[in-house]
Amino acid sequence: MTDLEGFRRETRDWLEKNCPPEMRRPMVVESDTFWGGRNATYQSDAQRVWFERMRDKKWIVPHWPAEYGGGGLDPERAKVVREEMAAINARPPLRSFGIMMLGPALLKFGTEEQKREHIPKILSGEIRWCQGYSEPNSGSDLASLQTRADLDGDHYVVNGQKIWTSYANKADWIFCLTRTDFSAKKHEGITFLLFDMTTPGVTTKPILLISGYSPFCETFFDNVRVPKKNALGTVNKGWDVAKYVLQFERDSISGIGDRGAKRAMSEIALNSVGANEKGHLADPLLRSQLANFEVDEVAFQFASERASDQVKTGQAHPAFSSAMKYYGSELNKRRHELFMSMGGSDALEWESERSQNGQTARTWLRTKANSIEGGTSEVMLGIVAKRILNLPGA
Amino acid sequence: MALVLNEEQTLLRDSARSLISDKAPVSHFRALRDSKDKDGFSRDLWKTFSEMGFTGLLVPEEFGGSGLGCVEAGIVAEEIGHTLLPSPFLASSVLAASALQRAGSKAQKAEYLPKIADGSAIGSLAVDEGGKHRPHAITLKAVRSGNGFKLNGAKAFVVDGHVADILIVAARTAGADDDPKGITLFLVDPRAKGVQIERTIMVDAHNAARIAFKDTEVTADNVLGELDQGSAVLDGVLNIGRAVVASEMLGAGDEAFSRTVQYLKERKQFGKLIGEFQALQHRISHLYVELEITRAAVLKALQMLDEDFDNAAPIVSVAKARAGTTGTLAVQEGLQMHGGIGMTDQFDIGLFMKRMRVCQELFGDSNFHANRVAELRAY
């Protein structure tokens with residue numbers, strides 16, 4: 001038996017013993033996700049126990065360096081943990097933008113002091129981060145952002161407005177793009193700042209979306225004083241950090257449909273639409289749409305697997321996350337159009353207990369943002385044209 | 001196993017690529033087509049294929065082959081797709097070799113595999129009877145006669161049928177016309193009495209044949225595998241063929257795509273390179289993404305055939321379905337973006353469209369395979 005097989009067995013045993021049965025069920029409602037933070041609340045005792053055990057095991061992010069509180073596992077062992085969690089449909093014990101986006105940038109661009117200050121608190125769930133990128137006039141053209149940070153002694157004074165800041169009203173700290181040089185070209189005067197959301201001058205206002213939920217906010221900065229040492233990476237070179245974070249954001253959006261455990265779509269469809277005498281879905285055109293979708297879904301999973309193997313072997317194109325983000329987000333929209341189709345009028349209920357407060361419809365509407373957030377599908381195709389295909393004028 | 005080629009596989013790809021692009025660019029195929037070559041492929045190049053070890057790639061070493069796997073066969077097929085090279089690689093080195101290897105008796109293997117491995121004999125698999133691939137709809141009858149059988153019926157779309165030295169024929173020995181049970185595979189000498197072979201020149205100018213059997217006699221020794229139990233072997237061999245064809249389609253699609261990207265960087269209209277137009281940028285970028293996703297699916301299917309053969313079917317179907325839709329998109333977009341010149345016979349892009357159409361039908365098109373995914377998932 002190789003070491004890796006031994007590790008797999010230990011991992012399986014440990015998870016079997018420590019993952020509560022409630023944490024192996026499909027995630028349906030928002031509160032099924034534990035986000036951490038100063039004001040964190042647990043949905044259930046099982047959610048708390050699962051988080052605490054994984055935190056103490058150092059498996060919140062198994063492959064981050066042990067010196068900052070990560071699991072310190074090599075990529076192969078980290079993959080084993082992910083696979084074994086998936087095998088029992090274990091929910092992620094903690095999700096946060098600190099894990100998904102900021103952490104990798106801290107590890108790459110952070111000073112030793114910044115790493116020691118922030119990474120352990122991401123892993124312990126103490127601090128919940130939000131991302132201050134988009135502005136009312138800087139959406140797809142993100143680098144045109146106008147939120148300003150003016151130096152005053154050993155502080156920056158931040159003024160301006162962000163929009164589509166996910167969970168800004170629940171976050172403790174923000175990583176925020178600011179303009180520190182107005183005379184430079186648009187990509188070259190940006191600084192990546194980290195600051196506490198309780199700093200005087202920060203206010204947030206939730207935005208009501210078509211789903212009826214408010215996961216995004218407008219975030220306002222009025223003379224917010226941020227210590228100079230809170231710049232991540234080089235001053236005026238924040239665009240490099242921003243792009244690096246976007247790769248991880250795009251990766252996490254591209255895989256958005258296969259998070260947590262799900263019932264097979266075909267089972268849901270058969271339940272709802274029924275079968276004919278051959279056992280085929282009674283609606284033949286829906287059956288064909290579903291089959292074509294599943295072909296693409298399976299192929300996309302292999303493409304994700306291949307993309308991460310290419311990263312490991314150094315064959316990956318740095319802009320490939322844009323290709324995957326494009327396809328994955330379009331695929332997720334198709335998935336939820338199918339759920340609506342399968343459900344018929346049952347899927348249209350908006351407030352009943354039967355429908356878990358309109359979960360199918362609300363999720364369907366939420367997915368429409370997948371091809372907008374983190375860079376629109378059109379922006380992704382433009383990046384592929386320019387950076388991968390080297391087309392002129394792209 | 002990582003979903004990338006390993007070092008040996010990368011070397012194999014490089015040597016196949018350099019041989020094929022050097023000795024058999026698209027002009028090689030054009031010359032065979034335009035001269036109406038009687039074989040439809042180059043026997044000289046086939047000899048080189050043998051020297052390189054490609055003809056015996058899937059044949060075990062004890063029978064003179066190199067004992068490699070489906071991933072390696074797919075690598076060669078992908079390079080074949082890049083230049084539309086016509087050769088009996090698929091029919092003989094992949095399908096016939098796999099059928100004999102998987103179902104052959106000791107004597108059958110000893111007799112045929114070494115010849116297939118060194119390229120001196122060409123094998124060909126005869127399954128389809130109607131216009132669409134329905135591998136269990138077999139009406140060609142094999143009826144007991146003396147110590148052997150008599151074959152009556154007809155096959156169509158037999159790849160390399162008219163140059164075959166040995167035919168592997170799926171026949172009905174029991175059961176209803178579309179029953180998976182009651183199918184038997186036979187090794188048939190194409191020169192036997194009652195075998196009539198008509199070469200059918202197809203839209204892509206590659207080799208195919210219609211073959212009729214009238215009271216053709218075969219002995220009991222010519223049964224390949226178990227009597228009435230041929231469908232399991234047939235399904236397995238077809239899965240290998242499907243994944244390898246998907247690989248060829250990926251190569252052809254990738255070639256059409258790359259040529260189109262190049263054209264977008266050269267062709268000027270309205271005073272601009274047409275690759276500067278966003279309408280075209282987005283379409284070609286979309287095609288790139290589709291091809292990359294299909295590439296992952298095809299490699300996964302080939303790896304599954306090597307590592308977990310019995311569970312490969314659904315993934316093979318995903319790969320062949322994707323190769324069909326992506327390959328079709330590649331040649332359609334390629335032709336459209338080339339504009340009028342793409343419609344000319346002189347220009348190559350149309351040749352890729354023709355080959356893709358044929359590969360789409362080979363061993364089940366995208367609809368066939370999406371349907372199979374649904375059936376395997378019980379809906």
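Just so it is clear, the model here is predicted, and its values are computed rather than measured.
With a 4.5 Å cut-off on side-chain heavy atoms, A/Leu381 and B/Gln281 do not count as touching.
The number of heavy atoms from other shown groups lying within 6.0 Å of CZ (B/Arg134) does not exceed 12. Crowding of A/Gln315 atom CD: a count of heavy atoms from other residues, nucleotides or ligands under 6.0 Å exceeding 12. Within a 6.0 Å sphere centred on CG of B/Asp177, other residues, nucleotides and ligands contribute more than 12 heavy atoms. Surrounding CD of A/Glu83 are more than 12 heavy atoms belonging to other residues, nucleotides or ligands, all under 6.0 Å away.
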For residues 262-272 of chain B, run the donor-acceptor check on the side chains, cut-off 3.5 Å, and write out each pair with its distance to 0.1 Å, sequence neighbours left out.
{"unit_1": "B/Gln262", "atom_1": "NE2", "unit_2": "B/Glu266", "atom_2": "OE2", "d": "3.1"}
{"unit_1": "B/Lys265", "atom_1": "NZ", "unit_2": "A/Leu389", "atom_2": "O", "d": "2.9"}

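For the set A/Glu378, A/Gln310, A/Lys312, the count of heavy-atom pairs under 4.5 angstrom toward chain B peaks at A/Glu378. Put simply, of A/Ala303, A/Ser322, A/Ala299, the one with the most heavy-atom pairs under 4.5 Å next to chain B is A/Ala299.
From B/Leu5, atom CG reaches atom OG1 of A/Thr313 across 10.0 Å, with rounding to the nearest 0.5 Å. Distance OH/A/Tyr327 to OH/B/Tyr288: 14.5 Å, rounded to 0.5 Å. Atom CG of B/Leu280 and atom CG of A/Leu391 lie 9.0 Å apart (nearest 0.5 Å). Within the model, atoms CE of A/Met380 and NE2 of B/His286 stand 16.0 Å from one another, a figure rounded to the nearest 0.5 Å. Interatomic distance, CD of B/Glu290 versus OH of A/Tyr326, reported as 7.0 Å (0.5 Å rounding).
Applying a 4.5 Å heavy-atom cutoff, the residues of residues 267-280 of chain A that approach chain B are A/Leu270, A/Gly279, A/His280. Listed by sequence position, B/Glu292, B/Ile293, B/Arg295, B/Ala296, B/Ala297, B/Leu299, B/Lys300 are the residues of residues 292-304 of chain B in contact with chain A, using a 4.5 angstrom heavy-atom cutoff. Interface with chain A: from residues 364-379 of chain B, residues B/Ala370, B/Asn371, B/Val373, B/Ala374, B/Glu375, B/Arg377, B/Ala378, B/Tyr379 qualify, criterion being any non-hydrogen pair under 4.5 Å.
With hydrogens and angles ignored, the 3.5 Å screen pairs a side-chain donor or acceptor of A/Asp309 with a backbone N or O of B/Leu3.
Contact of A/Leu290 with chain B is made through backbone and side chain together, with heavy-atom distances under 4.5 Å. At a 4.5 Å heavy-atom cutoff, the contact between B/Leu273 and chain A is made by side-chain atoms alone. No part of B/Ile274 comes within reach of chain A, as not one of its non-hydrogen atoms sits under 4.5 angstrom from that chain. Contact annotation for A/Glu330: neither backbone nor side-chain heavy atoms come within less than 4.5 Å of a heavy atom of chain B.
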